[in-house]
Amino acid sequence: MNVIEIKNLTKSYGKSRGITDISFTVEEGEIFGFIGPNGAGKSTTIRTLLSLIYPTSGSAMIFGKDCIQFAQEIKREIGYLPSEVFYYDNMKVKDLLNYSASFYKKDCRKRIKELAEIMDLDLNKKIDDLSLGNKKKVGIVQGLLHEPKLIILDEPTSGLDPLMQQKFFDLLEAENKKGATILFSSHILSEVQRLCNRVAIIKEGKIVAVEKISTLQENNYKKFKLQTKSPLPNDYFQQAGTHNLIVNGNVTSFMFRGDLNHIVKKIAELDIANLWIEEPDLEEIFMHYYEKEA
Amino acid sequence: MNIFLKEVKSHRKSLIFWCIGVFLMVVSGMSKYEAYSSSGQSMNDLLKDMPKSLAAVLGFNDLDVSKPSGYYGLLFLYLLLMATIHAAMLGATIIAKEERDKTSEFLFVKPVSRNMIITAKLLAAFVNIVTFNLVTYGSSVVLMGQYAKGGDITSDIGMTMAGMFFLQVLFMVLGSAIAAVKKRPKSAASLASAVLLLTYVLSVAIDLSPNIEGLKYLTPFKYFEAKNVMYGGGLDAVFVVISIGLTAAFSIITYVCYQKRDLAV
């Protein structure tokens, strides 16, 4: 079943920002990454899903229901963490969370306590007095306290220290195991790589690719870097399947996709000082997508 | 219900200040009356020599200010200004503040419709203006009672307060309609006050030049003037209908426009 189904969604604001013809689906039980540089349209897409803003054209369904027509019903099962958290001044953390819980027809007191304990959040402090990271924690607890079936996170890790990020990721994985679907927007590739099953890549308001993380990683590209005793001719490794060939003195590096035997034979003929063969990280794979578009 | 309570609570402090303000306004107004009346010089003689334009701007017209009730009629104009400014700003702010304080990404992702949110907020604002009205009424009756020896003016005050109530509700929904239509929520309250002052200036202009009297339907400050409402005049049915009509129109604008527009996030 598709939890989110976005069809040709377009939102234009005058000339500049906006999204164009976005389509993708998120299946039940997935942790779906939504990745792209700042200003690519991630937040716009999410805010349209939540009917904070309305699409210029196209539509989106959540739990199989139109996200505008059935907004109120759908939102009972959505937990949302905005990229920047702002709350009512003059409220204690506890009061805000109770206010948030009062919108859902269930008793969330136990869950609030559990979450606050996991995230190490002091419920008796005033929200005004909290640091950015602690405000973010309030946002996390606020988004999860009603045990939603769909969790939408917009750049959730900014402001959290690495230890908290780890706890937060564990929390998300636990929610996911219990059956929650997660849409995780980010511009940080490593966290998406660490958490997500599939990913949609957005750039300048358009979806560039939707791929499984595993496909992205096993795309057969290998990253070669080798150091030789004497400089190589510039075109020594130049052949079909070679990309980004850089020869810098005695150090040569390139990406290769194809029959590795060809490369290994060529390397065997050389007098090498050092050799690295690595999986490219997502960053390099994404750069590949970005460059293709540019 | 939770939104309503939250809004009542968050406006409680400002409401208290406004109530203290209007109480002090009545106190200081009536103590001035005491000074005038005890000085022996008749206020009416003083006013006779005053240029008509100045008298109009200050709100002295056709009122016998030597009597406590007449003086109260004069004071009522200022109470009315205060009450309507409070109502207009409250109506605008209560809608616009979610966007201004960027809390809309909290409230509007909750399982409540925008219409329910507006209803809760307008109800909370309504409670505020009713409180303000009652406090004004109470202060006026108690303080006036000390000067109006013999003459009972409680019912006259009650009638002016009824007129004030209609205008409070009208300006409250004017404010909320502006906040609902405008994309830049920060300026909603100031725009609402600007519209209010404009209609006030128009009402003064009408006092100055009777040949534009036809414009009186455009300015709510002409609807329930003390001189017409007091002394058994009561509320003019025509203006009651206009007030209710405008209130309904602005309410519809508030609901419809807010439902349709993108929130500023």
Side-chain angles (χ1 to χ4, degrees), chain A residues 11-14 18 43-44 46-56 62 67-91 95-106 127-128 135 138-139 142-143 145-146 148 150-152 154, chain B residues 1-17 90 93-121 123-125 179-186 189 255-265:
Chain A
K11 174 73 188 173
S12 30
Y13 297 95
S43 296
T44 304
I46 288 174
R47 285 165 182 166
T48 313
L49 283 178
L50 294 164
S51 64
L52 291 168
I53 54 177
Y54 298 122
T56 313
I62 295 179
C67 76
I68 295 163
Q69 204 183 338
F70 296 97
Q72 192 185 339
E73 192 184 330
I74 291 167
K75 284 171 187 171
R76 270 180 224 146
E77 295 297 344
I78 295 182
Y80 172 55
L81 174 62
S83 54
E84 290 171 73
V85 281
F86 289 98
Y87 291 123
Y88 305 97
D89 293 342
N90 263 321
M91 262 180 131
D95 298 333
L96 180 96
L97 294 175
N98 287 336
Y99 181 46
S100 182
S102 70
F103 287 92
Y104 305 99
K105 289 179 190 114
K106 39 178 124 170
I127 291 176
D128 293 355
K135 275 189 186 155
V138 178
Q142 186 269 127
L145 55 83
H146 56 295
L150 171 62
I151 302 169
I152 298 180
D154 196 355
Chain B
M1 194 62 187
N2 44 6
I3 302 174
F4 169 78
L5 291 176
K6 161 96 179 55
E7 291 298 343
V8 169
K9 209 175 155 193
S10 74
H11 284 90
R12 194 174 48 193
K13 205 186 257 175
S14 105
L15 178 64
I16 291 173
F17 282 120
L90 179 65
T93 312
I94 208 164
I95 302 294
K97 68 176 181 173
E98 302 292 341
E99 292 169 277
R100 184 195 65 197
D101 299 341
K102 305 195 179 202
T103 46
S104 43
E105 279 188 295
F106 172 87
L107 186 59
F108 291 89
V109 300
K110 296 283 179 272
V112 279
S113 67
R114 290 193 191 180
N115 283 345
M116 287 159 73
I117 293 172
I118 297 263
T119 306
K121 282 173 172 280
L123 277 178
V181 172
K182 268 185 75 73
K183 287 208 168 154
R184 301 230 169 275
K186 275 179 194 167
Y255 279 98
V256 172
C257 292
Y258 204 63
Q259 182 64 34
K260 279 188 184 161
R261 86 169 158 92
D262 288 346
L263 295 171
V265 278

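All chains are named by letter (A, B, ...) in the order of the sequence lines, taking the proteins before the strands, and each is independently numbered beginning at 1. Quick caveat: nothing in here was measured; it's all calculated off a predicted structure.
Between Ser51(A) and Arg114(B), the closest heavy-atom pair is O-NH2, 3.0 Å. Considering every non-hydrogen atom in both Glu105(B) and Leu52(A), the closest pair reads CG-CD1, 3.8 Å. Here the shortest heavy-atom pairing between Ser102(A) and Asn2(B) reads OG-ND2, 2.8 Å. The two residues Tyr104(A) and Val109(B) make their nearest non-hydrogen contact at OH-O, 4.5 Å.
Interface remark: Lys97(B) contributes no atoms to any contact with chain A (heavy atom separation under 4.5 Å). When heavy atoms are compared at a cutoff of 4.5 Å, Glu99(B) does not approach chain A at all. With a 4.5 angstrom heavy-atom cutoff, Lys6(B) touches chain A only via side-chain atoms. Contact annotation for Phe106(B): only side-chain heavy atoms (C-beta onward) come within less than 4.5 Å of a heavy atom of chain A. At a 4.5 Å heavy-atom cutoff, the contact between Arg76(A) and chain B is made by backbone and side-chain atoms alike. Only the side chain of Tyr80(A) comes within contact range of chain B, judged by heavy atoms closer than 4.5 Å. For a residue to count as touching a neighbouring chain, one of its non-hydrogen atoms must lie under 4.5 Å from one of that chain's; by this rule Lys105(A) does not touch chain B.
In this structure the side chain of Tyr99(A) reaches within 4.5 angstrom of the side chain of Ile3(B), judged on heavy atoms.
In this structure, the separation between OH on Tyr54(A) and CG on Leu263(B) is 7.0 Å, given to the nearest 0.5 Å. How far CD of Glu98(B) is from OH of Tyr88(A): 3.5 Å, rounded to the nearest 0.5 Å.
Considering only heavy-atom pairs separated by less than 4.5 Å from chain B, the leading option among Met91(A), Gln142(A), Arg47(A) is Arg47(A). Ranked by heavy-atom pairs under 4.5 Å with chain A, the first of Arg261(B), Lys110(B), Lys102(B) is Lys110(B).
Partners of Glu77(A) according to the side-chain hydrogen bond (donor to acceptor under 3.5 Å, both in side chains) rule, which considers only residues two or more places apart in sequence or in another chain, do not exist here. Every residue two or more places apart in sequence or in another chain was checked for a side-chain hydrogen bond (donor to acceptor under 3.5 Å, both in side chains) with Ser113(B), and none qualifies.
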